[in-house]
Amino acid sequence: MPTRRELYDRAQRRRANLIATLSTGAVLLALVLLVPRAPGWEAVQRAFFNAEIFARTFPGLLQAFVLDVAIFAWCAPLIAVLSLALAIARDLRAPAFTPLRLAATAFIDVFRGLPVILVIYLVGFGIPGLGLPRPWNSPYLWGSLSLILVYAAYTAEVIRSGIDSIHTSQRAAALSLGLSEADTMRYVILPQAIRRVIPANMNLFIALQKDVALLSFIGPVEIFRQAGVYKSLMANFTPYVGAALIFLVITIPATRYADYLMARRKHD
Amino acid sequence: MTEALLETRGLVKRYGPHTVLNGIDLHIAPGQMTCLVGASGSGKSTLLKCLNLLEPIDDGQILLGEEDISEPGRDPQPLRQRIGMVFQSYNLFPHMTALENALLAPRRVHRKPRTEFLPAIEALFERFGLSAHMHHYPDQLSGGQQQRVAIVRALAMKPQVMLFDEITSALDPELVGEVLDVLRQLRAEGMTMILATHEMAFARELADTICFLDGGRVIEQAPPAAFFTAPEHARTRAFLARVL
């Protein structure tokens, strides 16, 4: 026999569910009824949501997306390594390391301060412009390097914020045991700091996957470029919608996973 | 007077214009338990941090055995290995199990595999009734258990002296006893210990010497019987009237 409180709670829950369902339904209904009444709806429907063109171009887009994933896959580990080195270099206190610290600081300032597309243009057109022989003039190489430089700068700052967030008492405890400064960093501070910034870095890596599309401006035919080619061929924007859907299939689960990690955060 | 294991001579510590320790002379004989008492802000914690070279001093000397360990330019790392410290807030490493916490420093400092130290450290956990918790993470342990693990972690380096910085102050009252029992046990085994503490009953029961700090100086230093029953200084009497 449920108590009076349980009955009350149950009624409250039912009421809340009902309100949520009704309000969501009302908004959807309004969209479905109102959008087709817009004067340009017919034209937009033809230009962006053409089922036949979608079916014809989707396999090609998917194939082109493999290149996006590949560029991401070789950039990501290099970014991880470089950003860790930058974050540590920025925190070095010994006077002998001053040049290294200054170089890391300058690097981070420069590449955080520039639009990604500008770096891709400058590096991607500038360096091969030196007249380098194949394969050293490849836009894949220099385009990837641009992404690595920019994203390593961002990731380094995130890692550094993680290092700074570890309370000084952890450092004191490690030093009091007789550990060296380097071992304290390696075994006590960094493992905690990196764990703490995994969600933030996940968000950066999702942004990286999207920004791979910017390499299309210097040559590689990845998904955005491929969609552009289809658009010109068929005089229709539907391939862009297809490309957008492909990105979302990857980025939405990844974002949700980052949120899940953020919420979990065990043992720290 | 017996040979001192740890000694300070005219130790001075300043933070900016503020003098926290103003000429501290301590003489700690081997196997002795010394309790530092005094109001909050009297410099007890700062003194312990200076003794462990976590804070640089501004004047005076700290001697461990015959050595002046406060000599400017000395590498503090090997010296800290000989002086264990336990903190008020435990400061266990949250990403490691209790056992890994205790194994870290011996392994990294001596650069030998864990099997080299495992038996001795497991024995330490056993000795302090913590065997069941060796493989737990700090957030799975009570405050009292965490603090006992922190003591085991410090002992794992086989220090000559142990420093305890108000190690029961952050604990719920019912957990204080188990931590004090560990100290009793260490005292019985002859460990040289310096405690900053507010546990007056405990200090009275076990300390060899009580040092009363006030305004950055040791105002009074006496065995507990004399200290608690016949304090010489007015300021000691005022302090005792407040805490007892």
Side-chain angles (χ1 to χ4, degrees), chain A residues 80 83-84 87-88 91-98 155 158-202 257-258 260-268, chain B residues 45 48-55 75-98 100-111 136-141 146 149-165 170:
Chain A
S83 61
L84 188 59
I88 292 171
D91 267 4
L92 290 174
R93 273 170 246 179
F97 292 124
T98 305
T155 311
V158 170
I159 294 177
R160 202 171 70 104
S161 75
I163 292 173
D164 290 347
S165 78
I166 305 300
H167 198 263
T168 51
S169 62
Q170 286 284 309
R171 195 169 163 271
L175 292 179
S176 81
L177 289 167
L179 286 173
S180 66
E181 294 270 358
D183 280 348
T184 298
M185 188 53 138
R186 181 165 160 203
Y187 296 105
V188 176
I189 309 291
L190 270 184
Q192 296 184 60
I194 288 176
R195 235 168 274 207
R196 211 172 268 196
V197 298
I198 282 175
N201 277 336
M202 280 282 294
Y257 184 62
Y260 163 76
L261 288 180
M262 195 101 76
R264 204 182 49 152
R265 285 253 308 252
K266 231 186 144 211
H267 300 314
D268 81 10
Chain B
S45 288
L48 291 180
K49 283 192 195 118
C50 290
L51 291 179
N52 199 22
L53 310 176
L54 284 173
E55 289 283 353
D75 179 8
Q77 197 202 331
L79 298 166
R80 291 194 192 116
Q81 293 160 19
R82 295 159 59 190
I83 307 172
M85 179 133 178
V86 183
F87 301 84
Q88 180 178 342
S89 49
Y90 337 131
N91 300 359
L92 291 180
F93 307 133
H95 58 301
M96 298 178 187
T97 63
E100 288 164 352
N101 263 277
L103 274 169
L104 178 69
R107 282 178 66 193
R108 296 306 158 197
V109 167
H110 304 300
R111 308 226 169 265
H136 288 158
Y137 284 90
D139 65 358
Q140 298 167 319
L141 299 173
Q146 288 191 55
V149 171
I151 295 172
V152 165
R153 179 176 71 174
L155 290 172
M157 286 301 287
K158 302 199 176 86
Q160 292 168 273
V161 186
M162 285 284 285
L163 312 176
F164 298 93
D165 187 6

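Source: prediction; values computed, not measured. Proteins come first, then strands; the chains are lettered A, B, ... in the order of their sequence lines, and each starts at number 1.
Shown here for A:L177 and B:A105, the closest heavy-atom pair between the two residues is CB-CB, 3.7 Å. Looking at every heavy atom in both residues, A:S176 comes nearest to B:N52 through CB-ND2, 3.1 Å. Heavy atoms only, all atoms of each residue included: A:G178 and B:V109 are closest at O-CG2, 3.4 Å.
The distance from the CZ atom of B:R80 to the CG atom of A:L175 is 5.0 Å, given to the nearest 0.5 Å. Distance OG1/A:T184 to CZ/B:F93: 7.5 Å, rounded to 0.5 Å. Annotation: the span from B:R107 atom CZ to A:L179 atom CG amounts to 11.5 Å, rounded to 0.5 Å.
Counting heavy-atom pairs under 4.5 Å between each of B:M157, B:M85, B:K49, B:R153 and chain A puts B:R153 at the top. The greatest number of non-hydrogen atom pairs below 4.5 Å with chain A, out of B:R108, B:M96, B:Q81, is found for B:R108.
Salt-bridge check for B:R111 with A:D183: passed, with a basic side-chain N closer than 4.0 Å to an acidic carboxylate O.
Residue B:F87 touches chain A through its side chain alone, counting heavy-atom pairs closer than 4.5 Å. With a threshold of 4.5 angstrom between heavy atoms, B:L79 does not approach chain A through any atom at all.
Distance alone, capped at 3.5 Å, is enough to place a donor-acceptor pair between the A:Q170 side chain and the B:L92 backbone.
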